[in-house]
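Following this message is one structure expressed as structure tokens.
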Amino acid sequence: MTDENGSGSKGSEGFDRFLAQVKRELKSAAVFALQVLRHPVRSVRTIGSATWWMLIASYLLVAAASVFIGALSGGFSVKILGFVSNIFLSLAPSILFYAGVLVGICWLILEKFKHPVSVKDLAELVVVASIPTLLISSAVGHLPASLSKWGVYVFSLVFVGLFYFGLRNRFQVAPHLARAMSLILLMILLFPLIRASTQSPDLSLSSFEQSADERVGEVAEGVDQEGSGGGDFDPKKIRLSKKVQEWIDREFASDPRKKRLVEQLARFHQFVLDFPEDLEGGSLLSDRASSCAGYVWNDPVQVNEVNQKLTALTFDTPAKMRAWARYNQGFSGKVFELRRFPETEACD
Amino acid sequence: MRLVFLLTLLIASLRLEPVHADAICGEPMMIFYANGVKNTRLDAVDSQMAVADAVLGRLSETEIRPSRVSFSLAYNFSEGLVLDLLEAYEQKKYEDLTEFWKWYFDLGIAPQWFQDEVAEGLSRFRASLRAAPNLDEQIASYRAVLDQNGSVLTVAHSQGNLFSNMALELISQQSDVGLKRSKDSDRLKLVSVATPADHVALDGPYLTLTSDGVINHLIPGSSAGLNSPLSANFTNSQPKPGSFDHEFLKYYLFGESSGEKIIGFVIDGLKEFDKRGSPKARQISATCMDWWNSITEIDRTDPDKCVMRCVVAPFDMGTFTCNGHCEYLCKCHVPR
């Protein structure tokens with residue numbers, strides 16, 4: 001039994017130990033950096049050795065990661081095929097990223113199995129092991145691009161931290177080896193982001209985000225012109241009618257991904273009803289929804305039928321229907337290049 | 001030895017080249033989709049994407065590089081037809097639009113008077129197109145491609161055929177006069193789907209389902225001084241349920257065999273464009289490709305030699321991959 005004070009002092013001691021550990025690690029990292037400078041050849045050998053084990057672990061873990069992530073996203077067979085082709089041709093950074101995630105999860109699993117396993121342990125294990133995966137999928141899949149970039153940085157650091165402490169505490173790997181492996185993992189995780197931001201302008205992440213922001217700004221401008229308030233425009237703030245929301249909740253309760261897509265399509269319809277003159281904003285919303293439909297629901301015929309239903313539910317009076325006709329007439333005679341958004345942006 | 005192997009593996013794992021590397025060697029080809037009646041812009045974009053996916057999926061049957069082919073939408077919407085229908089509906093003293101939308105999207109379940117209104121509206125629309133419609137932007141887009149020595153192929157559905165016929169005929173008449181290079185009309189093609197028109201501009205192929213109730217309903221429209229539409233010429237052996245069978249995606253592109261036929265027309269058209277390029281252009285294209293194949297990856301990413309261009313926003317944070325279609329535009333080193 002531990003009283004409140006006891007548990008408090010234990011927590012404080014734990015934190016002190018953690019701080020001391022961090023200080024020690026920082027110090028040894030500095031020593032290691034000096035060693036690398038003094039003995040570059042030996043360092044290369046050390047890093048090479050570390051890489052060997054890390055790659056083997058990644059190769060093995062990535063199979064499980066592909067199945068796991070694939071099963072989560074519903075694209076099981078595609079992910080498996082993608083994995084097979086990628087691993088032999090060029091290891092996609094995504095694979096290593098997911099491998100890093102899996103390393104973290106595996107470490108948690110191993111930590112749990114140090115003691116005799118109870119039902120409570122298993123339940124806790126499932127919860128603890130699911131959290132990183134859920135956080136990752138939330139961070140990189142459903143947050144705005146600007147946020148997910150920082151999300152990736154943060155989670156990369158978190159998982160490298162897990163990886164490092166796992167190596168040190170669970171596997172008793174020598175500190176310099178654990179550091180080297182962690183540094184390499186970190187480099188691999190962050191390399192795509194660094195590379196993307198130093199590429200030619202068209203490929204840079206910042207220019208992409210900037211143009212996305214500008215496009216959203218156009219929507220905001222359109223909303224402002226109609227006098228619906230200033231500030232950043234967030235399509236998710238478009239309120240659906242009770243009738244539309246009830247229909248979506250009823251029809252798509254069992255499939256959250258499709259539900260999110262249909263809500264996005266419904267918001268576009270509502271936007272047209274509210275701002276039939278804002279062609280730019282409407283076309284941005286609809287093109288994003290069309291792109292998302294391709295990723296989430298690769299059946300244009302069914303998407304078309306959903307659109308028809310949403311049209312009927314949204315424009316349910318002659319006056320509203322005239323707004324719908326006016327909006328579409330606004331585009332008549334115009335030419336549009338094919339515009340596809342990446343999944344993370346389209347389905348956001 | 002193991003170290004070398006490990007380093008090679010490491011370098012291989014960092015060879016992050018997720019973009020689609022390609023060089024545009026050859027004249028560009030633009031595929032337009034001209035939508036049909038009752039299509040919102042959202043519907044038309046969905047159809048445009050489906051056409052693009054279907055064409056790109058079969059491009060391997062040709063020697064045409066995907067980077068040469070791009071896609072556009074020539075959108076049209078007949079507000080008058082929709083509002084006329086609404087007026088007719090309101091005159092029946094209907095206030096609730098539930099029935100209107102059901103009938104509008106599925107003419108097969110609509111009462112006869114509603115079907116007749118649609119047919120009459122389309123006939124009126126056909127007749128009204130004799131007066132110059134707004135085709136400026138469409139013609140300017142075609143012209144821009146032709147001016148780059150490119151080719152234009154339009155896939156038109158339903159009333160999109162009426163616009164496309166006029167646009168293609170106008171531009172081919174304007175530009176075939178006094179030009180030394182290959183005639184522009186050789187670089188224009190139209191693939192007609194469910195056409196209400198009595199011909200296909202520039203003698204292009206067409207496909208109309210025998211079960212297409214909208215086009216069949218148009219025949220009485222010939223009384224308005226117009227010729228009857230081209231007769232239906234294709235039957236899907238496994239028809240989908242629906243009594244009017246006019247929608248582009250459901251009945252034509254994803255019909256049992258009609259979609260394959262339509263995309264086949266497009267592929268044939270692209271092959272013809274490719275063949276008709278001038279011998280000199282083909283020589284340059286071949287030399288360009290030889291050069292492209294001979295240079296190293298490092299050369300391709302050298303900004304002095306190549307510029308990378310991405311057609312859509314390129315970077316997918318979810319998978320860390322370049323999701324868009326990116327290509328290298330390289331200065332081809334063709335010997336003179």
Side-chain angles (χ1 to χ4, degrees), chain A residues 45 48 51-52 55 90-94 96-97 140-141 145 148-149 152 188 191-192 195-196 200 202-203 205 208 211-212 268 283 286-287 290 293-294 300-301 303-304 307-308 311-312 315-318 321-322 325-326 328-329 331-345, chain B residues 2-3 6-7 9-10 12-18 40-43 45-50 52 70-77 79 82-83 86 90 97-98 101-102 105 133-135 137-138 141 249-250 254 303 307-310 312-324 326:
Chain A
R45 287 182 69 87
T51 312
W52 170 254
L55 282 178
S90 63
L91 271 174
S94 57
L96 287 174
F97 179 74
V140 301
S148 65
K149 182 179 74 172
V152 169
I188 290 172
F191 187 75
R195 184 174 184 271
S200 59
D202 283 334
L203 199 60
L205 195 62
F208 159 53
S211 61
F268 157 69
S283 62
S286 69
D287 286 359
S290 285
V301 174
V303 173
N304 196 248
N307 274 326
Q308 291 178 357
T311 303
F315 306 98
D316 56 355
T317 66
M321 207 209 110
R322 286 191 178 89
R326 190 163 76 245
N328 286 295
Q329 184 63 32
F331 292 107
S332 199
K334 296 191 184 302
V335 173
F336 304 92
E337 278 186 39
L338 184 61
R339 180 162 66 162
R340 278 191 170 116
F341 292 89
E343 182 174 357
T344 42
E345 191 190 348
Chain B
R2 195 178 69 167
L3 183 63
L6 289 172
L7 285 174
L9 264 180
L10 178 63
S13 71
L14 292 178
R15 198 181 68 79
L16 307 173
E17 201 53 62
T40 62
R41 183 178 175 277
L42 179 61
D43 296 335
V45 168
D46 286 342
S47 298
Q48 176 198 22
M49 282 189 182
S70 51
F71 298 87
S72 279
L73 166 69
Y75 183 69
N76 65 87
F77 184 79
E79 186 184 23
V82 175
L83 295 183
L86 177 65
E90 285 183 298
L97 283 191
T98 309
W101 286 119
K102 279 184 188 169
F105 290 127
N134 182 12
L135 294 170
E137 196 167 325
Q138 200 170 332
S141 301
L249 287 177
K250 188 173 182 182
F254 294 112
V307 176
M308 187 181 285
R309 185 186 74 177
C310 288
V312 293
F315 201 71
D316 186 342
M317 294 300 301
T319 58
F320 274 142
T321 51
C322 185
N323 209 32
C326 299

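So that the names make sense, note that chain A is the first sequence line, chain B the second, and so on, each numbered from 1.
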With a 4.5 angstrom heavy-atom cut-off, could you sort out which part of Thr98(B) is near chain A: side chain, backbone, both or neither?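 Interface part for Thr98(B): neither.
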Name the region of Leu42(B), side chain, backbone, both or neither, that has any atom closer than 4.5 Å to a heavy atom of chain A.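 Both the backbone and the side chain of Leu42(B) come within 4.5 Å of chain A.
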Tyr75(B) versus chain A, the contacting section by heavy-atom distance below 4.5 Å: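 Contact with chain A is through both the backbone and side chain of Tyr75(B).
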Contacts of type side chain to side chain donor-acceptor pair (under 3.5 Å), residue Asp46(B), not counting sequence neighbours: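 Checked Asp46(B) against side chain to side chain donor-acceptor pair (under 3.5 Å); matches are Ser290(A).
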Residue pair Arg41(B) / Asp287(A), side-chain heavy-atom distance below 4.5 Å: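 In short, these two side chains touch, coming nearer than 4.5 Å.
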List the atom of Met49(B), the atom of Arg339(A), and the distance in Å for their closest heavy-atom pair.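 For Met49(B) and Arg339(A), the tightest heavy-atom pair comes out as CE-O, 3.5 Å.
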Under 4.5 Å between any side-chain heavy atoms of Val82(B) and Met321(A), yes or no?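 When only atoms from C-beta onward are counted, Met321(A) and Val82(B) do touch, with a gap below 4.5 Å.
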Between Glu137(B) and Gly333(A), what is the shortest heavy-atom contact and its length?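 Answer, listing the atom of Glu137(B) first, then Gly333(A): CB-O, 3.4 Å.
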So do Leu97(B) and Phe315(A) actually touch side chain to side chain, heavy atoms under 4.5 Å?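 Heavy-atom side-chain distance check fails, nothing below 4.5 Å.
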Evaluate the side-chain proximity of Ser70(B) to Glu337(A): yes if any heavy-atom separation is below 4.5 Å, no if none is.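 They are not in contact (no side-chain heavy atoms under 4.5 Å apart), so the answer is no.
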Between Phe268(A) and chain B, which part of the residue has a heavy atom less than 4.5 Å away: side chain, backbone, both or neither?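 Contact with chain B is through the side chain of Phe268(A) alone.
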Nearest heavy-atom neighbours spanning Leu83(B) and Ala325(A):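 Minimum heavy-atom contact is CD2-CB, 4.2 Å.
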State, with a plain yes or no, whether a side-chain heavy atom of Lys250(B) is found less than 4.5 Å away from one of Asn304(A).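 Contact flag for Lys250(B)/Asn304(A) side chains = no.
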Without swapping roles, check the side chain of Gln329(A) against the backbone of Glu79(B) for a donor-acceptor pair under 3.5 Å.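 Yes; judged by distance alone, with no hydrogens or angles, the pair exists.
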Per-residue contact mode, Asp316(A) against chain B (heavy atom under 4.5 angstrom):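 Interface part for Asp316(A): backbone (N, CA, C, O).
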Quick one: CG on Leu338(A) to CZ on Phe71(B), what's the gap to the nearest 0.5 Å?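 Interatomic distance, Leu338(A) CG to Phe71(B) CZ, rounded to 0.5 Å: 7.5 Å.
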Minimum side-chain heavy-atom gap Thr40(B)-Asn307(A) below 4.5 Å: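 SC-SC contact between Thr40(B) and Asn307(A) ruled out.
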